[in-house]
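Let me give you the structure first, and then I'll get to my questions.
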Amino acid sequence: MIQDLLKHQIAAAIKHLYQIDLLDHQIVIENTKPEFEGDFTYVVFSILKQSKKSPEQTAQEIGEYLKINFSHLADFNVIKGFLNISLSKQFWFEFLNNTYANKDYGFVFTHSGQKILVEYSSPNTNKPLHLGHIRNNLLGYSVAQILKANGHQVNTCNLVNDRGIHICKSMYAWMQFGNGETPESAGLKGDHLVGKYYVAFDKKYKQEIAALVANGMPAEEAEKKAPAIIAAQQLLLKWEANDKETVDNWKLMNGWVYDGFAVTYKKLGVQFDKYYYESNTYILGKDIVQQGLATETFFKKEDGSVWIDLTNDGLDQKLLLRGDGTSVYITQDIGTAELKYKDFDCERSVYVVGNEQDYHFKVLQLICKRMHKPYAEGIYHLSYGMVELPHGRMKSREGTVVDADDLIDEMIATATATTIELGKANGIPEGELNHLYETIGMGALKYYLLKVDPKKKMMFNPEESIDFQGNTGPFIQYTHARIKSILRNTGEIDFTQFDFNQTNLSKPERALLFTIYQYPQAIFDAGKDMSPGVICNYAYDLAKAFNHFYHECSVLKEENLEQRNFRIQLVNLTAHIIKSSFGLLGIEVPEKM
RNA sequence: GGUCUCUUAGCUCAGCUGGAUAGAGCAACGGUUUUCUAAACCGUAGGUCGAAGGUUCGAGUCCUUCAGGGACCA
């Protein structure tokens with residue numbers, strides 16, 4: 001990167017002028033703000049004490065040194081303590097020439113040597129996916145792509161929570177009043193059918209509690225003694241005892257759910273290299289807890305329950321195994337961590353899980369450290385914020401959820417209506433329209449969810465539809481389509497016979513080229529923070545820079561042949577980066593829209 | 001009781017390791033189409049960056065306290 005050369009030269013200048021020894025990485029170079037002239041800026045305030053001169057004079061002296069010693073510099077200007085540096089036209093033309101045909105521009109191909117496993121999605125099998133799951137899935141998919149682009153070897157997995165009391169609730173309700181209903185007979189997606197019985201269970205359970213309370217029982221006791229909950233608990237015991245009828249029903253209903261999830265995953269465009277099932281990992285977890293007990297990493301209480309004492313780390317004592325020997329959430333996580341390491345030999349294991357589990361993952365990592373597990377340090381909780389509705393967070397049982405399938409359908413319907421309304425469907429073959437509507441609708445939804453910093457909670461108002469204008473997926477998709485429209489009309493060109501040094505570099509062209517130059521940095525930053533939002537912001541900046549250029553400069557009507565060809569290279573590369581960056585987000589870009 | 005986290009324009013969000021006059025989009029108002037796609041472009045208006053202290057050449061960014069929201073552990 002040119003910034004590195006620049007840093008090196010600035011360090012040399014400072015050494016030459018003021019006899020200060022600075023390492024290259026101690027020099028901070030920023031992009032020059034648009035309202036000032038220049039490409040990069042060096043701020044001199046931090047060396048004033050040693051230079052013993054005014055900010056203006058220091059910056060001026062460094063600028064003059066660079067002008068002689070830094071061949072890519074065309075000019076510089078000084079405002080207060082800010083040294084603004086303009087690179088030469090030649091530098092930018094050469095950059096474009098070397099880059100425009102590079103299909104992998106921005107991606108790192110030298111293997112980092114790091115293997116990373118990204119776990120995401122990780123649903124419960126008792127209800128369908130909702131908006132929060134969509135955020136999770138999109139984040140996981142995108143982060144995996146971004147890490148790959150940074151040269152890491154990446155695998156993905158999905159840990160399915162297919163056991164526990166919540167499954168038994170759906171199962172009990174279905175056995176009670178399902179009358180053998182199936183997804184086929186009900187005409188419902190499997191996950192929605194099972195979810196229906198989960199809600200049915202809750203309704204019945206609440207009625208029973210109310211009845212008991214009406215008869216004078218305290219609410220707390222009623223919650224434990226309601227027949228429905230007791231029945232669900234008995235189902236769980238039967239399941240753990242491998243009772244045939246229970247296990248068969250469990251398999252049947254889980255199968256329905258998996259079929260339903262598969263449809264939603266396909267629409268979201270996500271996939272996994274491997275599935276883990278908690279019903280398979282919890283026993284391994286129990287074994288490991290027994291090992292930890294043997295080495296006295298854990299301790300047993302009088303009732304037989306197993307605990308770890310984390311008070312030295314500022315946390316509490318944490319339950320690992322109940323007195324009756326049944327496992328808790330963290331038990332199965334301990335087992336799964338071990339399995340993942342064996343399967344993938346990964347030095348980093350990323351968990352895409354909501355921030356409500358921050359404490360849980362701190363505990364998990366500490367447990368692994370105490371047990372001297374080689375993978376303990378590599379555990380990384382990619383903790384993302386909840387999606388909230390105007391009235392608070394989503395709660396399945398209270399029916400305040402935005403269903404994933406409904407929302408997807410709605411987005412595609414809106415994309416369809418908008419496209420037709422704008423008259424954009426006319427020039428497009430009938431057979432391609434459905435795919436286009438899907439591309440635009442999903443583009444809007446995915447961009448909307450990914451552009452927000454993963455760590456932050458975000459607001460979704462179902463009353464307001466997701467925009468298709470401004471800082472949105474469709475805006476950027478549209479930019480791509482516009483460029484493709486130009487490129488369909490340029491004809492074949494042999495770029496090698498042109499010398500672009502004779503062409504002009506106007507402000508919009510320069511700004512676009514400058515943004516293009518930032519792409520590798522954006523990929524790096526997104527990888528460092530595991531934040532697809534960085535890519536969204538970048539793609540938006542690029543689209544804006546292009547649209548400004550598009551308004552100012554004509555490509556096809558340009559009469560100077562070299563200028564025209566230069567612009568063709570420029571927009572070609574722009575289109576490629578839009579497609580490439582959106583690929584990192586899992587968003588398709590259309591040729592026409 | 002304890003721990004973590006958030007608060008930037010009417011709304012939804014950017015703001016990189018502290019740097020120039022805090023930026024976008026939506027919503028509002030005004031303008032741009034015989035010229036490569038107007039899902040675009042240009043402009044106007046909108047801010048005490050939750051509050052108060054502190055650190056320093058410089059704080060939306062770092063530290064402390066407080067207020068309000070959210071989550072979690074027992």
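All values below come from the heavy atoms of this structure, side chains included, with hydrogens, waters and symmetry mates left out. Chain naming here is simple, since letters A, B, ... match the order of the sequence lines and numbering starts at 1 in each. Quick caveat: nothing in here was measured; it's all calculated off a predicted structure.
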Cationic N near anionic O, under 4.0 Å, A:E61 to A:K53: yes

Would you call the rings of A:Y519 and A:Y538 parallel, tilted or perpendicular, taking 30° and 60° as the class edges? parallel

Classify the nucleic acid contact of A:C536 as base, sugar-phosphate or nothing, counting any heavy atom under 4.0 Å across all strands shown. nothing

Is it true that a side-chain atom of A:Q26 and a backbone atom of A:L23 form a donor plus acceptor pair closer than 3.5 Å? yes

Can you name the closest pair of heavy atoms from A:V534 and A:A522 and give their distance? CG1-O, 3.6 Å

So, with a heavy-atom separation below 4.0 Å from RNA chain B, the residues of residues 465-478 of chain A are A:D467, A:F468, A:Q469, A:G470, A:N471, A:F475, A:Y478

Flag for A:N355-A:Y384: side-chain donor and acceptor within less than 3.5 Å: no

Classify the nucleic acid contact of A:K424 as base, sugar-phosphate or nothing, counting any heavy atom under 4.0 Å across all strands shown. base

For B:C36, does either OP1 or OP2 sit under 4.0 Å from a side-chain N or O belonging to A:R564? no

Would you say A:S554 reaches B:U35's phosphate, i.e. side-chain N/O to OP1/OP2 under 4.0 Å? no

Please enumerate all residues that pass ring pair (Phe, Tyr, Trp, His ring centres under 6.0 Å) together with A:F361, with sequence neighbours excluded. A:Y351, A:H381

Contact list (N/O, under 3.5 angstrom) for nucleotides 69-73 of chain B vs protein:
unit_1	atom_1	unit_2	atom_2	d
B:C73	O2'	A:D316	OD2	2.7
B:C73	O2'	A:Y359	OH	3.4

Would you measure the distance from the P atom in B:C4 across to the matching atom in B:G18 and give it in whole Å? 22 Å

So what does A:T490 touch, heavy atoms closer than 4.0 Å: a base, only the sugar-phosphate, or nothing? nothing

Answer with base, sugar-phosphate or nothing: what part of the nucleic acid does A:V555 contact at a heavy-atom distance below 4.0 Å? base

Applying salt bridge (charged side-chain N to carboxylate O under 4.0 Å, His left out) as the test, list every pair that has at least one member in residues 504-531 of chain A; sequence neighbours left out. A:D39-A:R510, A:E509-A:R567

Minimum heavy-atom separation for A:A539 and A:F582, please, with both atom names. CB-CE1, 3.8 Å

Categorize A:D453 for me: base, sugar-phosphate, or nothing, with a 4.0 angstrom heavy-atom threshold over every strand shown. sugar-phosphate

From the candidates B:U7, B:U12, B:U37, the one with an atom nearest any side-chain atom of A:R488 is B:U37

Indicate, with a heavy-atom threshold strictly under 4.0 Å, whether A:L315 touches base, sugar-phosphate, or nothing. nothing

Between B:G10 and B:C57, how far apart are the two C1' atoms, rounded to whole Å? 38 Å

Pairwise C1' distance, B:U35 and B:C41 [rounded to whole Å]: 15 Å

Under 4.0 Å, counting only non-hydrogen atoms across every strand here, what does A:K592 touch: a base, just sugar-phosphate, or nothing? base

I need the OH-C1' distance between A:Y540 and B:A14, as an integer number of Å. 10 Å

At 4.0 Å (heavy atoms only), tell me whether A:N547 reaches a base, stays on the sugar-phosphate, or touches nothing. sugar-phosphate

Nearest-angstrom distance, P atom, B:A51 to B:U33: 45 Å

So which protein N/O to nucleotides 17-20 of chain B N/O distances come out below 3.5 Å?
unit_1	atom_1	unit_2	atom_2	d
B:A20	OP2	A:K33	NZ	3.1
B:A20	N6	A:T41	OG1	3.0
B:A20	N6	A:N84	OD1	3.0
B:A20	N1	A:N84	OD1	3.4
B:A20	N1	A:N84	ND2	3.3

Does the plane of the ring in A:Y448 sit parallel, tilted or perpendicular to the ring in A:F460? Use 30° and 60° as the thresholds. perpendicular

Answer yes or no: is there a donor N or O on one side and an acceptor on the other, between the side chain of A:Y540 and the main chain of A:T472, under 3.5 Å? no

Taking only Watson-Crick and G-U wobble pairs with both distances under 3.5 Å, what dot-bracket line describes RNA chain B, where [ ] shows pairs that cross earlier ones and | shows pairs with another strand? (((((((..((((.....[...)))).(((((.......))))).....(((((..]....)))))))))))).

Using a heavy-atom cut-off of 4.0 Å across all strands, would you classify A:Y448 as base, sugar-phosphate, or nothing? nothing

